[in-house]
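Okay, so here's the structure we're looking at.
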Amino acid sequence: MPELPEVETTRRGIAPYIEGERVCGVVVRQPRLRWPVPARLKAALCGQTIDTVRRRGKYLLLESAAGTVILHLGMSGSLHVVEAGTSAEKHDHVDIIFANGCCLRLRDPRRFGAVLWTTRAAETHKLLQGLGPEPLSDVFDTDYLFTASRARRVSIKAFIMDSKVVVGVGNIYASESLFMAGIHPQTAAGRIGRVRYERLVRAIRQVLGKAIEQGGTTLRDFTNSEGKPGYFQQQLQVYGRAGEACLSCNGRIRSLQLGQRNTFYCPQCQR
DNA sequence: ACTTCGACCTGTTGGC
DNA sequence: TGCCAACAGGTCGAAG
């Protein structure tokens with residue numbers, strides 16, 4: 001479900017309810033997520049105040065003086081703020097309850113998500129330390145991407161979906177960005193020139209930025225923390241449109257498998 | 001060091 | 001209507 005825009009939409013949705021609020025309870029109904037939810041989470045977190053809710057790539061970081069909760073939504077996770085005491089449904093695995101009466105609830109049917117706890121700077125955590133730059137930051141520019149891609153034989157699509165290269169570009173926005181940049185998804189990353197990387201950087205920024213503005217993409221069931229869907233799917237140019245007409249050239253959108261992921265592109269517009 | 005691929009889960013969809 | 005296979009927005013870590 002969530003790529004960077006959906007995670008950012010979630011962050012913005014939950015922050016006002018929990019920033020500056022004190023945790024007074026933690027309920028773990030299902031500790032078996034991607035990694036076990038640490039048993040010490042409850043003891044560590046109770047009594048702490050969540051100072052800030054940050055995002056790094058697709059990870060959400062709830063920071064307190066004692067440590068940081070690292071959250072990942074995986075493929076099917078979502079966070080909602082409900083009133084403390086609201087009855088839990090089938091896949092509501094973890095609640096963090098606040099003294100102000102709010103309950104931050106993680107739902108994740110496929111359980112690819114994660115809830116972890118670290119007492120050190122979150123950036124140094126194993127899962128975060130190798131991450132590439134934020135796509136919307138200044139560090140992510142043409143030079144960076146061009147240099148990082150030299151001698152790389154992977155497809156450009158797999159390359160931009162690699163979180164060590166750049167974070168937050170998932171399967172939907174990878175296809176969309178490559179369409180906008182006019183680059184065929186199968187092209188080897190190392191064989192793409194500077195000028196085209198300039199276009200690609202711009203496209204990634206634009207696509208992600210626009211998607212955040214629209215509250216993310218809702219294909220099946222993504223809703224923000226208030227239960228509202230995102231609207232970016234109305235702007236999707238190629239994702240999920242195999243067999244349909246390209247909105248730019250009227251040719252047929254095609255799909256292919258790249259790195260075990262479905263990939264959409266227009267063979268006319270993308271070379 | 002790079003690349004590919006299996007693995008982790010459940011729910012939904014589409015074909016027969 | 002029912003059953004079953006295929007597929008889904010992520011990504012780690014092993015193996016080549």
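First the proteins, then the strands, lettered A, B, ... as listed; each starts at 1. Heavy atoms only: backbone and side chains are in, while hydrogens, waters and symmetry mates are out.
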- Note on the structure: Annotated structure of DNA chain C as dot-bracket, pair cut-off 3.5 Å, Watson-Crick or G-U only, | for inter-strand, is .|||||||.|||||||

- Task: To the nearest Å, give me how far apart CG (A:L219) and C1' (C:dG9) are.
- Result: 7 Å

- Message: Categorize A:Y59 for me: base, sugar-phosphate, or nothing, with a 4.0 angstrom heavy-atom threshold over every strand shown.
- Response: sugar-phosphate

Give me, pair by pair, the N or O atoms of the protein and of nucleotides 14-16 of chain C that are less than 3.5 Å apart, along with how far apart they are.
none

- Item | side chain to side chain donor-acceptor pair (under 3.5 Å) contacts in which one or both residues fall within residues 80-92 of chain A, not counting sequence neighbours | A:S78-A:H80, A:D92-A:R107

- Can you run down the ring-ring contact (aromatic ring centres under 6.0 Å, His included) pairs that involve residues 228-271 of chain A, sequence neighbours left out, and say none if there aren't any? A:Y173-A:F232, A:H184-A:Y265, A:Y239-A:F264

- Whole-Å gap separating P (C:dG9) and CE (A:M161): 8 Å

- Message: I'd like to check the side chain to side chain contact (heavy atoms under 4.5 Å, CB included) partners of A:A245; sequence neighbours left out, ordered by chain and number.
- Response: A:N250, A:R252

- Nearest-Å distance, CZ (A:R261) to C1' (C:dA6)? 15 Å

- Rounded distance in Å between the P positions of C:dA6 and B:dG6: 15 Å

- Task: Quickly work out the A:N171 CG to C:dA8 C1' distance and round it to whole Å.
- Result: 9 Å

- Message: Taking salt bridge (charged side-chain N to carboxylate O under 4.0 Å, His left out) as the cut-off, I'd like each qualifying pair that reaches into residues 26-39 of chain A, sequence neighbours left out, listed once.
- Response: A:R29-A:D95

- Item | By salt bridge (charged side-chain N to carboxylate O under 4.0 Å, His left out) - contacts of A:K126 (at least two apart) | none

- Query: C:dG10 P sits how many Å from A:L60 CG, rounded?
  - Reply: 15 Å

- Scan nucleotides 3-11 of chain B nucleotide by nucleotide, 5' to 3', and note B when protein non-hydrogen atoms come under 4.0 Å of the base, S if they reach only the sugar-phosphate, - if neither. SSBB-BBBS

- Item | Selection residues 227-241 of chain A - residue pairs positive for salt bridge (charged side-chain N to carboxylate O under 4.0 Å, His left out), sequence neighbours left out | A:R241-A:E244

- Base, sugar-phosphate, or nothing for A:L127, non-hydrogen atoms under 4.0 angstrom? sugar-phosphate

- Note on the structure: Correct closest heavy-atom pair for A:F140 and A:P135 would be CD2-O, 3.3 Å

- Any side-chain heavy-atom pair from A:P185 and A:L258 closer than 4.5 angstrom? yes

- Qualifying salt bridge (charged side-chain N to carboxylate O under 4.0 Å, His left out) pairs, either residue in residues 128-140 of chain A, two or more places apart: A:R55-A:E134, A:R56-A:E134

- Query: Which whole-number value in Å describes the distance from A:H72 NE2 to C:dG9 P?
  - Reply: 14 Å

- Query: Is there any salt bridge (charged side-chain N to carboxylate O under 4.0 Å, His left out) pair reaching into residues 167-187 of chain A, and which pairs are they, with sequence neighbours excluded?
  - Reply: none

- Item | No-hydrogen, no-angle side-chain donor-acceptor test under 3.5 Å, A:T52 and A:E63 | yes

- Item | Closest to side chain of A:Y239, choosing from C:dG10, C:dA8, C:dC12 | C:dA8

- Could you give the CG-to-P distance, from A:L258 to C:dG9, as a whole number of Å? 13 Å

- Task: Could you measure between the two P atoms, the one in C:dT11 and the one in B:dA1, and give it in whole Å?
- Result: 23 Å

- Query: With sugar-phosphate meaning primed atoms plus P, OP1 and OP2, does A:N262 contact a base, only sugar-phosphate, or nothing at under 4.0 Å between heavy atoms?
  - Reply: sugar-phosphate

- Message: What is the separation between atom CZ on A:R241 and atom C1' on C:dG9, rounded to the nearest whole Å?
- Response: 18 Å

- Task: Rounded to whole angstrom, note down the P distance from C:dC7 over to B:dC5.
- Result: 16 Å

- Which pairs pass side chain to side chain donor-acceptor pair (under 3.5 Å) with one or both residues in residues 190-203 of chain A, sequence neighbours excluded? A:D143-A:R194, A:S149-A:Y197

- Task: Check every atom of C:dC12, C:dG9, C:dA8 against the side chain of A:W35 and return the nucleotide holding the closest atom.
- Result: C:dC12

